*Asks:* 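This is the structure, below, for whatever I ask next.
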Amino acid sequence: MSKTTLLQNGLIIDGTGKAAYCADLLIEDETIARIDAVDPATAERIVDCNGLVVAPGFIDVHTHDDAIVLDRPAMLPKISQGVTTVIIGNCGISLAPVITRTPIEPLGLLGTQRFCYARLAEYAEAVDATRPAINVAALIGHTSLRAATMPDFARAATANERERMTQQLRLAMDDGALGLSTGIFYENAYAADEPELLELASVAAQAGGVYATHIRTELEGILEAMREAARIARNSALPLIFSHHKCCGPDNWGRTLETLALIDCLATHQPISQDVYPYTAGSTVLREDLVDGVIDIIITGSEPYPEMAGKHLSDIAAQWGVSQQEACRRLLPGGACYFQMNEEDVQRVLAHPRTMIGSDGLPHDARPHPRLWGTFPRVLGHYSRELGLLRLESAVFKMTGLPAAQFRLGKRGTLAAGHPADITVFDPQRIRDRATFAEPEQLSEGVRHVFVNGALSYEEDAATPTDYPRNGRFLRRGED
Ligand SMILES: [Zn+2]
């Protein structure tokens, strides 16, 4: 017997960018059965959606949730924002196919305990056995491929090593990976040359994947770095996704005028998109070269000084009577938020038609950047409703239909009969983020009900939001 839930009288925003309209939506088991006027007598359960938006579940295209979906499968930071699918493996960093207890930088962003999957298929099995609250789809990281096949990262891969990396990537694509990610900004991938990247990109292309890249630099040399990525993607015939697109550093502020113009120009020759998080601070591992004494920096964690998490680097330096660079050295290894962007740039990227939303949240940090808990409600509340930067339908499109199309996630990301019932119901008047740099782990407001593969998985008014049965699964490229 099938199980039916009627979302009655909601404002349907279907994820295609099309204008909202009023209708009922009927969920039957794991699937959307109808969007129409539905006789309530036919449904076992009715959810009154009057005044609420019924949208596809949000797809967080840029995450580092690879290990956390297994270790904290309730995934409260994400499902409470209305996210029903996370794309893992970004910035060159993925668990598979690395086996180690001492991961190289920046793989430690995923913690150190879960590097135990020789193949993506084994990781996928672990996800399905754990059954997290949300769906998981995976990119394979170039730095991880290096870690699995090379003894030394300060140079480009040899022909032999390239062969072993491409073999690993081919297996992962067979196992359903969405594509290849790189993070050649990071030291252990920086020495990769074009033949290395091109060979890997070609393997991902043959399998119908994508190329998501944290480019070599987002500072002064950003245009050249973007052109390098575009060349690799074009020469391997691979759709390109610029990760967390931004212009870093005060000297670079305002230059999204140039970078977005370059994207528009490149897009006439090749498929391109980008993701963004809606904040003026970035966050990554603590790095001395990012400490310029000008921008504000907040420590998100430090192994030798865990008590410094949440403090400003300038205050720590003053307290210790040393320079910020010296304070940084003492705090290593650790993580930080860097206030390195400018608001106009953030808004310009958010408003660009090719931009998707990705949190880039770092769930292993002691005091994570608030983007981990607040990204999606912040776009819908602050940027769409309060500032009017985006129509609500466009904001939803950037979180649903656009990413599903870019990453080839089949029928996810749009509402239509026969599509999987990943659905987020939210209050458009109330939705807002509450996570701040001072209090980063705060639930958002206004996400009313979230369904994952047809199962009610989160409700705002629930006393214990983690008590719902978890119903996420591993998603393979192209499957529906
Ligand atoms: Zn990155």
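Both ligands and their constituent atoms are indexed starting at 1 by order of listing. All values below were derived from every heavy atom in this structure, side-chain atoms included, with hydrogens, water molecules and symmetry-related copies excluded. As the structure is a computational prediction, the values presented were derived from the model and not from experiment.
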*Asks:* Measuring from atom CG of D365 to atom OG of S283, what distance do you get when rounded to the nearest 0.5 angstrom?
*Replies:*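 Spacing of CG (D365) from OG (S283) equals 5.5 Å.
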*Asks:* Within the stated cut-off of 2.8 Å, is an N/O/S atom of H62 closer than that to the Zn ion (ligand 1)?
*Replies:*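 It does not; every qualifying atom lies at 2.8 Å or beyond.
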*Asks:* Within a 6.0 Å radius of atom CZ on R234, are there more than 12 heavy atoms belonging to other residues, nucleotides or ligands?
*Replies:*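 Result for CZ/R234: enclosed.
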*Asks:* Can you spot which of R329, Q324, Q325 makes a side chain to side chain donor-acceptor pair (under 3.5 Å) with E288?
*Replies:*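 Of the listed options, the one satisfying the test is R329.
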*Asks:* What do you get for the angle at the Zn ion (ligand 1) between ND1 on H214 and SG on C91, to the nearest 10 degrees?
*Replies:*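 About 120°, to the nearest ten degrees.
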*Asks:* Working to the nearest 0.5 Å, report the span between CD1 of I232 and CZ of R227.
*Replies:*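 The CZ atom of R227 is 14.0 Å from CD1 of I232, to the nearest 0.5 Å.
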*Asks:* Nearest to the Zn ion (ligand 1), which N, O or S atom of H244 do we find?
*Replies:*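 The atom in question is NE2.
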